[in-house]
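For reference, the structure is listed below as structure tokens.
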Amino acid sequence: MDKNLLSKTAAAMVAKGKGVLAADESSGTCEKRFKTVDVECTEETRRTYRNLLFSAAGVEQYLSGVILFDETARQKAVDGKQIPQYLAGKGIVPGIKVDKGLVNIPFTREEKVTEGLDGLQKRMKEYFDLGCRFAKWRAVITIGADIPTHTCLYANAHALARYAAICQEASIVPMIEPEVLLEGSHTAERCEEVTEAALRATYAAMSAYNVSIEHLILKTSMVVSGKDCPRQAGVDEVAERTLRVLRRTVPAAQPGIVFLSGGQSDESATAHLNAMAATPGLPWPLTFSYSRALQNAPLKTWRGQAGNAAAAQKAFHHRARMNGLAAQGKWKAELERHAA
Ligand code: 13P
């Protein structure tokens, strides 16, 4: 465990005005996304699309890191280098999704736990050799009548902690992601309650497995109203509820917190981040680690056509810049300056 390297990596991931692009969609998820724009999903189209994002001029000003899928970490970039080396050359830290997806927890109502711990120590060494310096593991928590159960929170927290310890042992910074899903008709108040319970369970497990808080990044969902809830919490309420939960549960020693977008609109994800990052006196830097809220626009613009690549890169650059501003609490002012 190289603590200096871990500290350096974690600090770089949450560097001022930058955030992380999540480009680690499994091939199945990628297929779903490509289908929305009528693009065939093959190894080559996935490579072309992701390289379009990675090679967009100037995005390195706003991207501290990129989370890759296993396949992408082994593919070639536009200049013929391996993609992790290409990203590192642009000053972007390459990361890797190491979990293997979700399975049902027996004796629950189809609540999920994340798989992928078997053989992880060996895989982690390989990822380090490929140049990856941080990793991601996503746990999924669904809100519904009588769920999440304690069983679900406990099972996921332990998997996250075992994963985090394995990462740190291999000098790879663990990004731990207990995602509370947006789907459902729950209120923001209920989301706050569940997010707090999930984070409490997560940090209790980190302590049980001797995970070093100083070398850890939390990737969390924001506290928002369920997608089908008739009353949708506004930007200030989301910021207030999310920060209250984070202050209660995340140790100040942690180097930073990043957010997922979770199906929020592009602009909501930016506005929520901006409101939180503009709050003075927070113990940790906050930034984004979005997939959809960064990729919706470029994907729709690209549509699999080489002739649209430059416009798609521009759309991606714009969202990355907006979120880079939001991570400093400067997005709203920039918007008003433009409107004036
Ligand atoms: P979204 O921003 O689309 O939620 O994806 C982030 C992510 O990495 C989910 O694991």
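Counting starts at 1 for both ligands and their atoms, following the listed order. We're numbering straight along the sequence, starting at 1. Everything numeric in this text was worked out from a predicted model, so none of it was measured.
For atom 9 (C) of ligand 1, the nearest protein heavy atom (residue, atom name, distance) is E177 OE2, 3.3 Å. Atom 2 (O) of ligand 1 has S261 OG, 2.4 Å as its closest protein atom, hydrogens excluded (heavy atom only). Among all non-hydrogen protein atoms, the one lying nearest atom 5 (O) of ligand 1 is S291 CB, 3.2 Å. Atom 3 (O) of ligand 1 has R292 NE, 2.6 Å as its closest protein atom, hydrogens excluded (heavy atom only). Counting protein heavy atoms only, atom 10 (O) of ligand 1 is closest to K136 NZ, 2.5 Å.
With ligand atoms numbered from 1 in the order given, ligand 1 contributes 2 (O) to contacts under 4.0 Å with heavy atoms of Y290. Atoms of ligand 1 lying under 4.0 Å from at least one heavy atom of A22, given by number and element, are 8 (O). Each of the atoms 2 (O), 4 (O), 6 (C) of ligand 1 lies under 4.0 Å from some heavy atom of L260.
Identified under the side chain to side chain donor-acceptor pair (under 3.5 Å) test for residues 196-207, with sequence neighbours left out: E196-R200, E196-R248, Y203-Q254. Sorted by first then second residue, the side chain to side chain donor-acceptor pair (under 3.5 Å) pairs that include residues 299-315, not counting sequence neighbours, are S55-Q313.
When non-hydrogen atoms are compared, ligand 1 lies under 4.0 Å from the backbone of S289 (N, CA, C, O) but not from its side chain.
Side-chain contact, E111 with T149: a donor N or O sits under 3.5 Å from an acceptor N or O. With 3.5 Å as the limit, one finds a donor-acceptor pair spanning the side chains of T42 and T45.
For the atom pair CG (L181) and OG (S221), the distance works out to 8.0 Å, reported to the nearest 0.5 Å. Separating the CD atom in E179 from the CG atom in L260 is a distance of 4.5 Å, to the nearest 0.5 Å. With values rounded to the nearest 0.5 angstrom, R50 atom CZ is found 8.5 Å from I83 atom CD1.
Taking only non-hydrogen atoms, the option from E179, Q295, K219 nearest to atom 6 (C) of ligand 1 is K219.
On a distance-only criterion, G262 and ligand 1 share at least one N/O pair closer than 3.5 Å.
Look at S221 and you'll find every heavy atom at least 4.0 Å from all atoms of ligand 1.
The number of heavy-atom neighbours closer than 6.0 Å to CZ of R162, taken from other residues, nucleotides and ligands shown, is 12 or below.
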